[in-house]
Undergrad: 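Have a look at this one before I ask anything.
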Amino acid sequence: MAKDHRAGSKVRGDRLPAILMASHLLEGDTVFLSDGGWTLDPTAAKIAHDAETAAVMEAEGKAAAAANTVIEPYLVPVDLTDDGLPVARHFRDAMRQKGPSIHPDMGKQAEFAPLD
Amino acid sequence: MYRYDEFDERFVRERVAQFRGQVERRLDGSLSEDEFKPLRLKNGLYLQLHAYMLRIAVPYGTLNSAQLRQLAHIAETYDKGYGHFTTRQNLQFNWPKLKDVPDILGLLADVEMHCIQTSGNCIRNVTSDQFAGVARDEVEDPRPTAELIRQWSSLHPEFVWLPRKFKIAVTGAEHDRAAIKVHDIGLKLKRNEQGAVGYEVIVGGGLGRTPMIGKLVREFLPKDELLAYLEAVMRVYNSEGRRDNKFKARVKILVHETGEEEFRARVEEEYAKLDGPTINAPDEEVERIAAYFAPPAYDTLPEASQVLDQARAIDPELDRFVEQNAFEHKQPGYIALTISLKEIGAVPGDMSADQMRAFADVAERYSFDEFRVTHAQNLVLPHVKKDDLPAVHAALKAAGLASANAGLITDIIACPGLDYCALATAKSIPIAQAIAKTFADRERQKTIGELPIKISGCINACGHHHVGAIGILGLEKGGRENYQITVGGDATEHAALGERLGPGIDAEDVPAAIEAIVETYLAEKTGEESFIETVRRTGAEPFKAGFTAFVESRAVNSEAAE
Amino acid sequence: MTLIREEGAVKDRFTRADTLDAALEIDGPALVPLTIAADFAKARPGAEFGISVPGSTPIEDVRPHLGGATLVAVEFPAFADGRGFSLAKKIVREGFAGTLRASGPLIADEFADALACGFTEVELPETMANRQPVQQWLAARATMSEHYQTGYGRGPSILQKRLAARKGA
Ligand code: SF4
């Protein structure tokens with residue numbers, strides 16, 4: 001694998017609604033900003049419906065990175081399911097919400113309720 | 001194989017402590033993420049899509065059973081019960097926690113292993129021929145050279161902050177199984193007219209965004225001058241390699257932009273200034289290392305084995321396995337055996353902890369306690385007695401390791417791709433699985449014969465798609481995964497880069513496109529020609545025509561369906 | 001700026017000046033860019049001075065000044081830019097016996113390598129020294145006690161030690 005990490009994904013169109021995704025520094029797991037801090041559970045991610053909320057969340061992510069809690073936080077544009085759950089619009093971010101497609105027994109998909 | 005002495009042992013132990021300290025300093029904020037990242041990479045630790053990934057060095061692809069058992073233990077204790085063998089002859093764990101990595105490194109050190117320089121902008125783990133010491137066409141075993149380079153490149157004070165990564169491969173054989181022409185430096189052991197042993201030195205090959213075949217910079221380098229010459233090449237690269245654009249930072253671009261002749265002149269100029277004897281390894285040291293690679297205590301046996309012949313006659317599965325996966329050994333009565341980690345539908349290169357233990361037992365009992373990792377993500381038992389093959393086959397079969405498809409169309413190389421890799425633009429493994437299923441029929445595989453397919457999930461080309469007889473590159477196009485297909489790539493002494501057949505296609509269409517390409521081959525082939533030989537003779541044109549027809553028929557079908 | 005040597009933090013005897021006029025105002029040794037070194041030496045014959053050279057500088061440009069300067073400060077634009085290490089090796093090879101300084105945002109983990117390539121000292125911007133105080137540099141330098149490469153560092157390499165052990169045995 002080549003060296004550099006690629007944070008964020010190219011998504012066309014609306015940037016909202018969005019969730020904030022990052023990696024946990026000590027554990028490495030993908031984490032999401034929720035109402036009560038960072039969560040491993042993709043269904044518990046806080047959803048920004050407007051630009052202001054998104055900006056506040058992004059600032060929270062930066063602060064957490066500066067405090068050595070998470071790495072590479074970024075806003076992820078999502079679509080909402082009928083139940084109001086956030087599903088990433090880019091297939092790469094969706095992979096992070098679920099876990100590897102080749103191992104349904106591993107990652108978020110094995111540990112948490114499905115998003116869709 | 002090589003065993004650590006007290007110096008190697010202390011070195012690796014201190015490196016573990018050093019990394020532990022670096023993790024602590026990252027957590028207390030002494031090191032920023034920007035500073036820590038290259039430090040963790042130089043110790044093989046990546047951040048992937050779901051978790052960290054730890055890449056463990058398997059120097060020149062050689063391991064013993066105690067090491068594999070330890071890897072199984074680590075897989076179960078700190079990961080999810082499996083490991084993944086890579087195209088760089090290394091092993092990766094996909095789910096370690098940063099907090100556990102120092103302990104994992106300690107366990108590795110217990111069995112003389114480490115993660116030093118398996119990533120980062122430094123000299124990477126050196127790779128070699130998986131049939132080193134076995135092949136009949138070998139001038140000299142490349143492993144002592146590779147081990148010397150491993151030591152010399154480990155934490156080299158001057159060359160740990162290079163413009164970009166730097167990969168060295170060594171082969172000692174006529175037939176190149178180490179892909180030396182697509183490495184930053186490729187070394188080939190050879191004899192000159194006087195019969196002295198030395199190296200042919202090739203610099204500036206590489207894949208990735210700008211694939212290039214390496215250039216010959218030294219026809220014959222006397223064997224005892226190796227380290228000083230490497231130092232000269234590295235110093236020219238470290239000083240002059242581009243640092244303004246990471247896509248132009250590999251040595252291949254420097255060679256290309258400087259010009260082959262001028263680059264050679266600069267290396268020779270630097271080399272002339274060096275005081276070789278103070279840099280090169282003393283003869284005694286070279287001999288000390290080489291002694292570890294002396295041939296094992298073979299039995300004196302006839303070339304043919306009646307036991308095996310009889311067993312093959314009554315067991316068609318064994319017969320196929322031997323026919324497909326065996327490699328001629330220079331010692332009469334022995335063979336080397338490729339263990340394919342490409343069971344149909346499996347993840348190429350993955351091995352469970354249980355399989356590791358079972359395989360360690362086989363290697364210990366039947367192959368002088370030694371095995372190899374290949375850049376095709378398979379394993380090799382290098383020294384198996386033909387008489388033992390029926391028993392070896394039975395043990396492998398029980399562990400799910402007896403796929404008789406080495407080198408066939410289902411023996412596919414695939415990088416981790418979007419299922420794990422943070423840089424990926426498309427999935428890679430599921431494509432390999434779909435193709436393997438399409439061609440699962442054994443007779444069909446046999447009819448098609450040798451056909452290395454290589455798949456990368458982005459332009460970085462870890463799956464070596466440029467040098468696949470069929471290469472597949474996954475990209476992102478308009479928010480979807482899209483696959484470009486090439487034919488004619490070759491990583492051997494006939495090194496060539498594949499040629500693109502046409503526009504990119506959807507993931508669902510890839511298996512049928514491969515079928516169309518195979519049809520073209522079967523129609524074009526003459527005599528016993530392999531796929532790559534046919535492409536070499538006909539060029540890519542007939543394949544382009546077949547591919548274009550396939551793409552058009554797809555378009556018609558999808559319109560009709562709308 | 002913090003100046004760190006193997007034995008710990010030391011005081012900087014040199015004062016940096018970017019122009020000839022500024023350099024001529026300085027009491028004590030001046031540290032000047034390569035471009036004005038010749039003029040300075042002419043204007044102040046016999047005065048002690050150092051030269052500042054970017055890590056990317058070809059040795060041919062540095063060589064003419066190595067006789068006059070008592071300090072060469074190799075400038076690192078970033079900690080991950082390793083050109084300065086190769087330049088240091090080349091400067092040492094020219095027989096330069098003065099002080100060789102690595103200057104820039106280096107990290108403590110590079111201290112041992114810098115010393116092994118021939119540097120005498122490291123000059124750090126204050127922001128870096130605050131995050132990675134001198135103790136970290138000294139601790140980092142001591143983490144690895146052995147090296148494989150002959151011709152680097154002061155002690156014998158592992159290869160040389162093996163040879164010595166063999167000869168002694
Ligand atoms: S080729 Fe790309 S996707 Fe595949 S492993 Fe390398 S960097 Fe990742």
Side-chain angles (χ1 to χ4, degrees), chain A residues 1-14 21-32 40 42 61-74 76-77 79 88-112, chain B residues 23 26-29 32-33 36-38 41 45-53 55 80 82 86 88 92 94-100 119-121 164-165 208-209 246 347 350 415-427 429-430 433 457-462 476 478-481:
Chain A
M1 251 141 294
K3 180 189 150 253
D4 290 276
H5 194 73
R6 193 174 67 122
S9 306
K10 276 186 234 152
V11 180
R12 292 182 181 177
D14 293 344
M21 188 151 72
S23 299
H24 191 274
L25 172 62
L26 198 51
E27 307 277 332
D29 291 298
T30 299
V31 288
F32 310 89
L40 294 166
K62 281 202 177 118
N68 306 316
T69 309
V70 302
I71 335 175
E72 295 181 358
Y74 65 98
V76 175
D79 292 323
R89 289 178 49 204
H90 193 281
F91 57 87
R92 177 177 181 272
D93 299 326
M95 184 76 81
R96 295 190 69 184
Q97 284 180 309
K98 276 191 184 168
S101 72
I102 51 170
H103 283 300
D105 53 328
M106 293 177 195
K108 309 284 182 202
Q109 57 202 347
E111 287 157 36
F112 299 101
Chain B
V23 172
R26 170 68 187 98
L27 295 177
D28 72 18
S32 69
E33 181 61 19
F36 179 62
K37 188 167 134 185
L41 288 174
L45 190 64
Y46 282 78
L47 184 61
Q48 301 266 74
L49 289 179
H50 316 292
Y52 285 106
M53 176 272 276
R55 185 181 294 157
K80 294 191 189 289
Y82 70 105
T86 77
R88 299 264 319 138
Q92 294 177 181
N94 283 304
W95 306 90
K97 311 269 183 212
L98 176 60
K99 60 181 182 198
D100 293 332
S119 177
N121 293 338
R164 200 75 172 80
K165 59 185 167 186
R209 183 170 297 244
K246 77 168 179 150
V347 175
D350 272 15
C415 79
L418 192 71
D419 280 287
Y420 295 102
C421 178
L423 295 161
T425 41
K427 289 191 281 289
I429 295 166
Q433 291 170 320
C458 83
I459 193 75
N460 287 312
C462 304
E476 176 179 348
R480 286 171 63 84
E481 291 161 280

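Quick caveat, the model's predicted, so the values are computed rather than measured. Here is how names work: the chains are called A, B, and so on, in the same order as the sequence lines, proteins then strands, and each is numbered from 1.
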Undergrad: Taking every non-hydrogen pair under 4.5 Å, which of A:D105, A:T30, A:L26 racks up the most with chain B?
TA: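 Of the candidates given, the most pairs with chain B belong to A:L26.
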
Undergrad: Got a salt bridge between A:K108 and A:D29, using NZ or NE/NH1/NH2 to carboxylate O under 4.0 Å?
TA: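 A salt bridge is absent here (no side-chain N lies under 4.0 Å from a carboxylate O).
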
Undergrad: So, taking the atom named CZ in A:R92 and the one named CD in B:E476, what distance separates them when rounded to the nearest 0.5 Å?
TA: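 These two atoms lie 9.5 Å from each other.
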
Undergrad: Would you mind checking which part of A:H103 comes under 4.5 Å of any heavy atom in chain B, side chain (CB onward), backbone (N, CA, C, O), both or neither?
TA: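 Contact with chain B involves the side chain of A:H103 alone.
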
Undergrad: For B:R26, is it the side chain, the backbone, both or neither that has a heavy atom under 4.5 Å from a heavy atom of chain A?
TA: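 Both parts, heavy atoms under 4.5 Å.
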
Undergrad: Name the region of A:I71, side chain, backbone, both or neither, that has any atom closer than 4.5 Å to a heavy atom of chain B.
TA: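 Contact with chain B: side chain only.
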
Undergrad: Do B:F36 and B:L98 make a side-chain contact, defined as non-hydrogen atoms from C-beta onward lying under 4.5 Å apart?
TA: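 B:F36 reaches B:L98 side chain to side chain.
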
Undergrad: Which region of B:Y52, side chain (C-beta onward) or backbone (N, CA, C, O), has a non-hydrogen atom less than 4.5 Å from a non-hydrogen atom of chain A, or is it both or neither?
TA: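 Both parts, backbone and side chain.
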
Undergrad: Can you see which heavy atom on B:G457 is nearest to which on B:C415, and at what distance?
TA: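 That closest heavy-atom pairing would be N-SG, 3.1 Å.
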
Undergrad: Contact part of B:E481 toward chain A, heavy-atom cut-off under 4.5 Å: side chain, backbone, both or neither?
TA: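 When you check distances to chain A, atoms from both the backbone and side chain of B:E481 fall under 4.5 Å.
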
Undergrad: Evaluate the ring planes of B:W95 and B:H50, with Trp represented by its six-membered ring, and classify them as parallel (under 30°), tilted (30 to 60°) or perpendicular (over 60°).
TA: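 Rings of B:W95 and B:H50: parallel, as their planes differ by under 30°.
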
